[in-house]
Amino acid sequence: MIRRPPRSTLFPYTTLFRSVTGASLAASAVNGIGSGNPLETQVAILNAANNGTSGNIEINNTGNLTIDNFYSKAFYGIKNNAASGKVTINNTGLIDIPGTNSLYSVYAHGDITLNAIGASSDITAGSDKNITAVESFGGNVTLDAGNDIYLGQNGNYSNIQTNYDSGSITLTAGRDITIDNGTYVESNTGDINITAGRNFSLLATVGHGALIQADSSGSVTITSQASDGKISIASGASGVFSHTGDVTLIADNMDINSTIGDDATTNASGNIYIHPYTAARPIALGTETSGSLSLISSEINWLTANGTIPGTVVIGDSAAGNITISAAITPTRTNILHLITGAGISQSANTDTVTVSDLALSVGADSDLSPGANTVTNFAADIASGKALKFSNSQDLAIASVDGVTGLTGAGSVYLNAAGSITQTTAGTATITDLALVAASVTLTNTSNDVTTIAGDTTSATNGAFTFVNGADLAVGSVDGVTGISTNAGAVDVTLASAGAVLTIDNSLGVDIIRTLNVAVTLIADDMVINTDATYQAINAGSGVVQLAPYTARGIDIGNGTATGELGLTDAELDEISTTGILAIGGTNTGTIEVIANV
């Protein structure tokens with residue numbers, strides 16, 4: 001034990017000393033300080049340097065500790081020049097990096113770890129002067145405080161940097177993390193992970209605002225690990241950036257007043273993920289709502305993923321509670337929005353709409369966005385088994401692949417209502433149990449569609465056609481208040497593009513099931529079941545032509561509804577077809593047609 005109060009200054013050329021007690025310690029070595037066997041100290045001020053080509057600086061200290069250049073260690077509080085050399089300071093008590101005599105405080109080529117151990121132990125920096133508080137040229141940086149981390153005190157910045165290489169930055173505090181006064185927390189390709197036990201704040205108290213940034217592909221994650229905890233991004237703060245990586249914010253409350261994501265549109269943007277920390281916590285979009293993760297319209301407009309290859313803004317996750325659109329939202333810095341919840345999504349009123357180019361919804365309960373007409377171009381939805389989704393749109397709508405949701409998926413029910421047409425992209429398949437389509441026209445021709453029951457209505461527009469292709473068995477029936485397929489002088493064309501698939505016309509619903517007002521009806525399927533009803537017709541084409549034909553090259557048995565390997569049509573089924581025009585049975589792909597019984 002070496003005690004030299006009030007100052008203990010050690011200049012060992014190897015790692016000779018194991019325990020030091022004093023008011024302050026200056027240590028210099030060429031092969032490390034406590035390398036592999038930490039130096040045990042009890043000092044209030046530390047200044048250390050390893051000037052050799054190997055070795056680490058490893059110190060376990062007891063008592064509140066200030067790291068500063070009081071003995072002129074080349075302008076550093078702690079410096080390790082060794083290639084890949086590490087700095088590890090485990091301190092039982094607070095750690096303060098004031099910048100009084102240092103341009104740089106803690107520097108190494110390898111990993112840097114500062115641990116302030118104890119429930120009341122803080123890590124603070126910048127109380128005296130501007131400073132680069134912690135910088136690794138090739139390793140990771142970790143700051144872990146039992147209580148608070150405060151970077152950028154008294155109007156001074158105190159940067160944390162690994163932006164020369166792939167090193168990550170990890171900040172963890174038992175309570176609050178505050179970054180202020182132009183402080184940069186900056187990596188390059190390394191990730192930045194910030195976890196506060198209560199609240200996180202990015203501020204701009206004096207001068208230009210603080211910044212968190214992954215310069216290249218690193219991702220940024222900020223988490224408030226407290227029920228009702230908060231993430232605050234102040235007005236004037238420079239923001240939270242990753243140029244091509246993802247940015248994730250997790251907290252039960254958020255106050256966002258600066259850029260989140262990447263506003264450099266020349267880059268390919270990463271995604272932005274926003275969700276509550278507490279499971280089942282509701283989300284309110286548009287208004288501040290007590291007890292919910294609330295994002296008003298202006299906050300949503302700070303979420304930036306509009307690069308040359310755009311990213312997605314994802315709000316919610318599978319553990320989130322109900323999402324309520326409580327006021328109209330129109331994201332201005334992204335074209336792709338994905339809302340995810342283990343519960344449902346709803347609109348508070350018909351004016352509380354969503355306006356965005358591409359929208360995906362992933363829901364775990366019944367959801368209704370039909371009271372108001374949203375303005376969306378490309379739409380996708382994933383619905384939990386047995387649940388229903390309703391969505392209305394003010395213009396043409398394409399079922400598409402949006403943020404990994406490939407069209408309409410799930411064993412649930414979907415109702416879509418569009419003021420214009422409803423179409424689908426090649427990737428936008430409809431693989432859903434029940435589907436209702438209400439629009440000026442419908443054209444869904446993807447042979448990978450797999451819908452169990454279909455219903456449609458294009459009567460809002462004259463001559464609005466209804467064209468649907470399915471890759472499996474299909475019933476024309478009733479879905480969410482829409483019964484059968486109805487047009488206003490628009491043709492109906494339903495094709496089952498699968499060998500042996502059965503088309504069922506459910507004529508037991510109290511109306512004519514397929515009705516076109518004097519325009520053609522074309523049904524293509526390898527087998528058909530047309531239910532009978534004494535009052536209503538299965539098909540009512542007025543004066544339009546009705547054609548029934550198989551999809552594959554197979555024959556037709558007229559008068560026999562149970563023909564194996566053939567399209568069988570009974571007399572009773574044919575009686576369910578009403579037309580003053582032509583009833584055409586078969587097509588260019590049809591084999592032999594046999595009349596088995598009287599019709």
Side-chain angles (χ1 to χ4, degrees), residues 212-214 217-222 231 233 237-251 254-276 283-287 293-317 320 323-341 345 347 352-363 369 374-382 391 393-395 397-406 425 427-428:
I212 299 171
Q213 178 167 294
S217 58
S219 294
V220 179
T221 301
I222 303 174
I231 291 176
I233 312 297
S238 295
V240 181
F241 295 86
S242 175
H243 285 310
T244 59
D246 298 334
V247 174
T248 301
L249 303 183
I250 304 170
M254 296 187 193
D255 188 9
I256 299 173
N257 294 286
S258 190
T259 300
I260 307 295
D262 180 20
D263 63 357
T265 57
T266 57
N267 297 321
S269 293
N271 297 328
I272 299 172
Y273 297 93
I274 307 282
H275 65 83
I283 298 173
L285 302 180
T287 60
L293 168 55
S294 302
L295 296 172
I296 64 174
S297 181
S298 62
E299 292 177 304
I300 294 170
N301 292 344
W302 283 114
L303 306 179
T304 307
N306 57 358
T308 52
I309 301 175
T312 301
V313 171
V314 181
I315 299 177
D317 66 356
I323 297 177
T324 302
I325 312 299
S326 51
I329 60 172
T330 306
T332 57
R333 296 190 180 189
T334 183
N335 293 321
I336 309 172
L337 178 64
H338 190 175
L339 305 181
I340 305 176
T341 173
I345 303 176
Q347 293 169 304
D352 301 333
T353 57
V354 178
T355 299
V356 70
S357 175
D358 294 7
L359 176 65
L361 305 176
S362 297
V363 300
L369 282 83
N374 304 285
T375 304
V376 173
T377 301
N378 296 307
F379 180 77
D382 182 21
F391 184 82
N393 205 51
S394 65
Q395 61 181 23
L397 185 67
I399 299 169
S401 179
V402 180
D403 193 38
V405 181
T406 53
T425 66

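Since we're looking at a predicted model, the values are computed, not measured. When a residue number appears, it is its place in the shown sequence, counting from 1.
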- Would you mind reporting whether Leu361 and Phe379 have side-chain heavy atoms less than 4.5 Å apart? yes

- Query: Rounded to the nearest 0.5 Å, how far apart are CG of Leu249 and CG of Leu295?
  - Reply: 9.0 Å

- Least distance between heavy atoms, Phe241 atom then Thr259 atom: CE2-CG2, 3.8 Å

- To the nearest 0.5 Å, how far apart are CD1 in Ile231 and CD1 in Ile256? 7.5 Å

- Note on the structure: Distance col, row Ile274:CD1 vs Asp317:CG, nearest 0.5 angstrom, shows 11.5 Å

- Provide the closest heavy-atom pair for Asp262 versus Asn306 in the form atom of the first, atom of the second, distance. O-OD1, 3.8 Å

- By side-chain contact (heavy atoms from CB on, under 4.5 Å), Ile283 pairs with (sequence neighbours left out) Pro276, Leu285, Leu293, Ile315, Ala320, Ile323

- Message: Tell me whether Gln395 contacts the main-chain N or O of Val376 through its side chain, where contact means a donor paired with an acceptor under 3.5 Å.
- Response: yes

- Message: Among Leu337, Thr377, Ile336, Asn378, exactly one meets side-chain contact (heavy atoms from CB on, under 4.5 Å) together with Val356. Which residue is that?
- Response: Leu337

- What's the spacing between Asp255 CG and Glu299 CD if we round to 0.5 Å? 5.5 Å

- Item | Backbone of Asp246 reached by a side-chain donor or acceptor of Asn271 within 3.5 Å | no

- Query: Between Gln347 (side chain) and Ile325 (backbone), is there a donor-acceptor pair under 3.5 Å?
  - Reply: no

- Query: Quick one: which of Thr248, Val240, Ile260 gives a side-chain contact (heavy atoms from CB on, under 4.5 Å) with Val220?
  - Reply: Val240

- Item | Closest approach of Gly270 to Ala305 (non-hydrogen atoms, all atoms of both residues) | O-CB, 3.8 Å

- State, with a plain yes or no, whether a side-chain heavy atom of Pro331 is found less than 4.5 Å away from one of Leu303. no

- Any chance you could measure Thr355, atom OG1, to Asn393, atom CG, to the nearest 0.5 Å? 9.0 Å

- Measure the spacing between CG of Asn301 and OG1 of Thr334 and express it to the nearest 0.5 Å. 10.5 Å

- Message: Keeping Asp403 on the side-chain end and Thr312 on the backbone end, is there a donor-acceptor pair under 3.5 Å?
- Response: no

- Between Ser242 and Ser219, does any side-chain donor sit less than 3.5 Å from a side-chain acceptor? no

- Task: For residues Trp302 and Ile233, determine if any side-chain heavy atom of one lies less than 4.5 Å from a side-chain heavy atom of the other.
- Result: no

- Item | Backbone N/O of Ala327 and side chain of Thr287: donor-acceptor pair under 3.5 Å | no

- Message: Looking at Asp358 and Val402, would you say the former's side chain and the latter's main chain have a donor-acceptor pair under 3.5 Å?
- Response: no

- Note on the structure: Heavy-atom nearest pair, Ala400 first then Ala380, reads O-CB, 3.3 Å

